[in-house]
2 protein chains.
Amino acid sequence: MNITEAKQKFIEQWGILATQWGINRTMAQVHALLLISDKNMSTDDIMAALSISRGNANMNVRELMNWNLVRKVIAPGDRKEYFTAEKDMWKVAMNIMEQRKKRELDPMVKLLDELSKVEGDKRNPEIKSFADSMNNIKKFSEQADKIMGVMIKAEENWFWGSFLKIFK
Amino acid sequence: MNITEAKQKFIEQWGILATQWGINRTMAQVHALLLISDKNMSTDDIMAALSISRGNANMNVRELMNWNLVRKVIAPGDRKEYFTAEKDMWKVAMNIMEQRKKRELDPMVKLLDELSKVEGDKRNPEIKSFADSMNNIKKFSEQADKIMGVMIKAEENWFWGSFLKIFK
DNA sequence: CTGAATTTTCAATAATTATTGAAAATTCAG
DNA sequence: CTGAATTTTCAATAATTATTGAAAATTCAG
């Protein structure tokens, strides 16, 4: 397999994997493309590399910037904007976690909070059981939230190292 | 808010959250329904509760069984099959992790393995850079894989407890 | 300022994914 | 075995999501 084939295969597979995680396939492909590219790329470069439209390229690049996975780079003396991806996979994973935590876990904890205050007599088994379920899920969510928070803050490698040491 | 409203709201929101994770909304709703249900439910019960067709109910219940999130229960003297969900959220999370690890992380590590053996002269910067990227991502994936493996095996509460203690 | 280069928006459309429901297959009480 | 009850399949269709590409908006060199 030569380098061009390998790159194509990686981009393709990264896209497929992404769809299983609820991420737009093209967005993942743009990400993959920038991940394995030495050079910063313009919207036109991305359009050409992935055979997608300008609107599509623009939209997905901006979405990747929202996730802090891609940065805009301006080349002096050039009107075009160029893009580059965060290459450190630990940071990539942490950024994704951080965004998902903010967008999904936080609202869920809020909802569970409300729902655990359901009206009605706690001696009614149905109500008791439901309130228990909510508390149960809430506790779990809060723990997950806490752990993600700690991991996100701990960006140093020593953390990753010690984490691995403990759990082999 | 009364108990019926609360249950409906929970099912609805759980479904919305799930779509962001690449999970079929109806599947998540069936899961939520069984999670907060005291009683075991038949396909007909699920159809009625969520206003979905028989085929849809059947398909999603079976998919949830593949994920080890739902079990079939047979009631003596009854032809119908009933279903019940795993209620322990720790186990729920571990089952989901285990399945995703098997279905997604494992194939990814395999792909990266192949791609890091890309042909060509390593003194060519493009090839060198690509091989480095692959190794980088592979190392990260293997670490993630290892950690998930350890977490899945450690089903006891002491683990969860000590995990929290270490990282506050 | 001007206007060409570039980016962004968004309605129309294409592609993908989920759902229905009837037919086929299976199960099991009698 | 039989046949009614139940589960499963799957082609047709509905619903959702992604993409296009041209028009509008923005940017900035001169």
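These numbers come from a predicted model, not from an experiment. Here is the naming used below: chain letters follow the sequence lines, and residue numbers restart at 1 for every chain.
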Would you tabulate the pairs of protein nitrogen or oxygen atoms and nucleotide nitrogen or oxygen atoms of nucleotides 10-13 of chain D closer than 3.5 angstrom?
none

Check: A:Gln99 side chain, A:Trp67 main-chain N or O, donor-acceptor pair, under 3.5 Å: no
Close residues, residues 32-48 of chain A, relative to DNA chain D [heavy-atom separation under 4.0 Å]: none
Residue pair B:Asp38 / A:Ser129, side-chain donor-acceptor N/O under 3.5 Å: yes
Stems involving DNA chain C, each a run of at least 3 consecutive Watson-Crick or G-U pairs under 3.5 Å: C:1-30 with D:1-30
Contact check, side chains of B:Val118 and A:Asn2, non-hydrogen atoms, under 4.5 Å: no
B:Asp45 versus B:Ser42, side-chain donor and acceptor atoms under 3.5 Å: yes
same_hphob_cluster(A:Leu50, A:Leu64) at 4.5 Å side-chain heavy-atom cutoff: yes
Under 3.5 Å side-chain donor-acceptor pair for A:Asn58 and A:Arg62: yes
Separation of D:dT16 P from B:Asn24 CG (nearest whole Å): 12 Å
Rounded distance in Å - CZ (A:Arg54) to P (C:dA5): 13 Å
Verdict with supporting geometry, A:Leu33 and A:Trp14, side chain to side chain contact (heavy atoms under 4.5 Å, CB included): CA-CA 10 Å; A:Leu33 179 67; A:Trp14 198 257; over 6 Å; no
Integer-rounded Å distance: C:dT8 P and A:Lys80 NZ: 14 Å
Side chain A:Arg100, main chain B:Gln20, donor-acceptor under 3.5 Å: yes
Nearest-nucleotide pick for A:Glu81, side chain only, options being C:dT7, D:dT7, C:dT19: C:dT7
Other residues, nucleotides, ligands: >12 heavy atoms within 6.0 Å of B:Lys122 NZ: yes
For DNA chain D, the residues among residues 58-70 of chain B that have a non-hydrogen atom under 4.0 Å from it: B:Asn58, B:Arg62
Euclidean distance, atom CH2 of residue A:Trp21 to atom P of C:dT17 [Å, nearest integer]: 18 Å
Which pairs, protein N/O on one side and nucleotides 24-30 of chain D N/O on the other, fall under 3.5 Å?
{"residue": "D:dT27", "atom": "O2", "partner": "A:Arg79", "partner atom": "NH2", "Å": "2.6"}

Pairing of B:Asp78 and B:Lys80 as salt bridge, 4.0 angstrom limit: no
Whole-Å gap separating P (D:dT7) and NZ (B:Lys72): 8 Å
Polar contact flag, side-chain donor to acceptor under 3.5 angstrom, B:Trp21-A:Glu104: yes
Rounded distance (Å) that lies between atom C1' of C:dT6 and atom CD1 of A:Ile74: 14 Å
Interatomic distance where CD1 belongs to A:Ile52 and P belongs to C:dA14 [whole Å]: 19 Å
A:Asn95 side-chain N/O to A:Asn68 backbone N/O, donor-acceptor pair under 3.5 Å: yes
Where at least one partner belongs to residues 125-138 of chain B, residue pairs that pass salt bridge (charged side-chain N to carboxylate O under 4.0 Å, His left out), sequence neighbours excluded: A:Lys7-B:Glu126, B:Asp113-B:Lys138, B:Lys128-B:Asp132
B:Lys9, NZ atom: more than 12 neighbouring heavy atoms under 6.0 Å: no
A:Ile74 atom CD1, neighbour heavy-atom count above 12 within 6.0 Å: no
Heavy-atom side-chain proximity of A:Tyr82 to A:Met41 below 4.5 angstrom: no
